[in-house]
Amino acid sequence: MKITTWNVNSLTARLQHVLDWLTANPVDVLALQELKLTDDKFPHDALREIGYEAVAFGQKTYNGVALLSRSPVANVARNIEGFADESARVIAGTVETPNGPLRVVNGYFVNGQEPGSEKFQYKLNWLNGLQSWLRNELAAHPRLVLLGDFNIAPEDRDSYDPVGLAETIHHTTVERDHFKALLGLGLHDAFRMFDQPPKSFSWWDYRMLGYQKNRGLRIDHILVSTPLVPQVKACSVDRVPRKWTKPSDHAPVTVELG
DNA sequence: ATGGCTTCTCCTAGAAGA
């Protein structure tokens, strides 16, 4: 089965891209971030027509996450239990697979804007909350995938300019330590389980011809729990939709589980 | 050097994204 994460930067603006991409890539589960719409505006009908049911957790203008699935999603949770949050950033659900139930946790991690800012502190608090909650989620659901827009470039090789951007947003030691702490819970970066082309990124700035010059970051991730590791068959970024007209600034990342 | 784009809204300017 295939599971994908994609920050679409407005589902209203990107609905046709999502429909086109899913039609060409009929993955089992698609985790979306940055819907930027409220649940009453969620395009259930258009998705149903191509075979997907969705559970959504939306918000006006900002944030918003959803799980699209070809099979039912059960036991849906919204945001981080035990962490009060004004923003719609997490939706989790369980799908049945031939190997048993699979917990899928989809997150739109806080951006943080600038180290030292209030928003950066919110990012750190949010990451602490996520970590505590995930410990329990993993205990309850040993087969778990955490995926989404992490807004963290975990290592220097995940940035187009690790020296020039050292200790700037997405690159700070404290953010990277949080990423390592997630791995410490018993999660594994599916992308790094395979040989990948150098300068593999998942996001490119709209400005400065970012995509054309491959000035990007790898900030969209798929982490799998230890029991799933033997089942991971592939993980890759699909740059194709980043080349479409009016693209999202993020590309979809897909993991294949055997 | 800066910002260079795209999205949204209390809508045509400003905030936010990353």
Side-chain angles (χ1 to χ4, degrees), chain A residues 5-18 21 31-43 56-66 85-90 106-127 130 147-176 178-179 191 199-222 237 239 241-253:
Chain A
T5 177
W6 194 7
N7 178 326
V8 290
N9 184 20
S10 168
L11 184 55
T12 308
R14 225 66 62 200
L15 177 60
Q16 195 56 51
H17 281 198
V18 171
W21 190 84
L32 297 178
Q33 304 91 36
E34 280 209 85
L35 306 179
K36 297 187 176 180
L37 51 72
T38 47
D39 289 344
D40 57 305
K41 300 211 168 62
F42 193 91
F57 183 32
Q59 180 185 332
K60 194 174 178 179
T61 314
Y62 302 114
N63 311 309
V65 285
D85 198 347
E86 305 282 310
S87 307
R89 296 189 175 276
V90 175
N106 172 22
Y108 174 48
F109 291 36
V110 177
N111 175 305
Q113 214 161 50
E114 190 176 358
S117 67
E118 256 180 50
K119 287 176 180 175
F120 192 75
Q121 189 56 52
Y122 165 48
K123 181 174 198 168
L124 300 183
N125 295 343
W126 189 93
L127 285 163
L130 177 73
L147 78 176
D149 176 357
F150 284 49
N151 274 317
I152 300 172
E155 300 176 54
D156 280 356
R157 60 179 167 166
D158 299 313
S159 172
Y160 71 95
D161 185 10
V163 174
L165 295 174
E167 295 301 328
T168 66
I169 196 67
H170 311 304
H171 299 70
T172 65
T173 303
V174 65
E175 290 167 283
R176 288 176 169 179
H178 270 285
F179 188 87
F191 191 76
K199 300 187 189 301
S200 283
F201 305 128
S202 66
W203 169 88
W204 300 261
D205 203 309
Y206 285 125
R207 301 166 294 184
M208 298 192 308
L209 299 174
Y211 182 74
Q212 290 84 337
K213 295 179 174 175
N214 197 30
R215 294 161 65 95
L217 304 174
R218 191 176 74 95
I219 53 176
D220 300 272
H221 305 297
I222 302 179
V237 178
R239 287 187 300 274
R242 187 64 179 75
K243 302 170 194 165
W244 292 345
T245 306
K246 288 261 174 192
S248 167
D249 42 0
H250 296 252
V253 182

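Sequence lines set the chain letters: A, B, ... in the order given, protein chains first and strands last, and positions in each chain run from 1.
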Can you tell me the distance, in whole Å, between the [atom1] atom of [X] and the [atom2] atom of [N]?
X: A:Gln59; N: B:dG17; atom1: CD; atom2: P; result: 11 Å
X: A:Phe109; N: B:dA16; atom1: CZ; atom2: P; result: 22 Å
X: A:Lys60; N: B:dT7; atom1: NZ; atom2: P; result: 19 Å
X: A:Phe120; N: B:dA16; atom1: CZ; atom2: C1'; result: 17 Å
X: A:His171; N: B:dA18; atom1: NE2; atom2: P; result: 14 Å
X: A:Leu35; N: B:dC8; atom1: CG; atom2: P; result: 12 Å
X: A:Gln212; N: B:dG4; atom1: CD; atom2: C1'; result: 12 Å
X: A:His250; N: B:dG17; atom1: NE2; atom2: C1'; result: 8 Å

task = Measure the CG-CG distance between A:Asn7 and A:Asn9 for me, rounded to the nearest 0.5 Å.
result =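 Answer rounded to 0.5 Å: 6.5 Å.
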
Do [X] side-chain atoms and [Y] backbone N/O form a donor-acceptor pair below 3.5 Å?
X: A:Arg89; Y: A:Gly107; result: no
X: A:Asp205; Y: A:Gly216; result: no
X: A:Lys36; Y: A:Tyr62; result: no
X: A:Asn214; Y: A:Tyr211; result: no

What nucleotide among [options] has an atom nearest to a side-chain atom of [X]?
X: A:Tyr206; options: B:dT6, B:dA16, B:dG4; answer: B:dT6
X: A:Tyr62; options: B:dA16, B:dC8, B:dA18; answer: B:dA16
X: A:Met208; options: B:dG17, B:dT7, B:dG4; answer: B:dG4
X: A:Gln113; options: B:dC5, B:dC8, B:dA16; answer: B:dA16
X: A:Lys246; options: B:dA18, B:dT6, B:dG4; answer: B:dT6

request  = Establish whether the base of B:dA18 is bridged to the side chain of A:Asn111 by a donor-acceptor pair shorter than 3.5 Å.
outcome  =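 Flag set: donor-acceptor pair detected.
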
query = Of the options A:Tyr122, A:Phe179, A:Trp126, which is the one that meets A:Phe109 in a ring pair (Phe, Tyr, Trp, His ring centres under 6.0 Å)?
reply =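 It is A:Trp126; the other options fail the test.
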
Can you tell me, in whole Å, how much space there is between the [atom1] of [N] and that of [M]?
N: B:dA18; M: B:dT7; atom1: P; result: 14 Å
N: B:dC5; M: B:dC10; atom1: C1'; result: 24 Å
N: B:dC8; M: B:dT12; atom1: C1'; result: 13 Å
N: B:dC11; M: B:dA16; atom1: C1'; result: 16 Å
N: B:dG14; M: B:dG4; atom1: P; result: 13 Å
N: B:dT6; M: B:dA1; atom1: C1'; result: 24 Å

Counting any heavy atom closer than 4.0 Å, what does [X] reach on the DNA or RNA strands: base, sugar-phosphate only, or nothing?
X: A:Phe201; value: nothing
X: A:Lys119; value: sugar-phosphate
X: A:Ile219; value: sugar-phosphate
X: A:Asn63; value: nothing

Is [X] close enough to [N] that one of its side-chain N or O atoms is under 4.0 Å from OP1 or OP2 there?
X: A:Arg215; N: B:dA18; value: no
X: A:Asn9; N: B:dA16; value: no
X: A:Asn151; N: B:dA18; value: yes

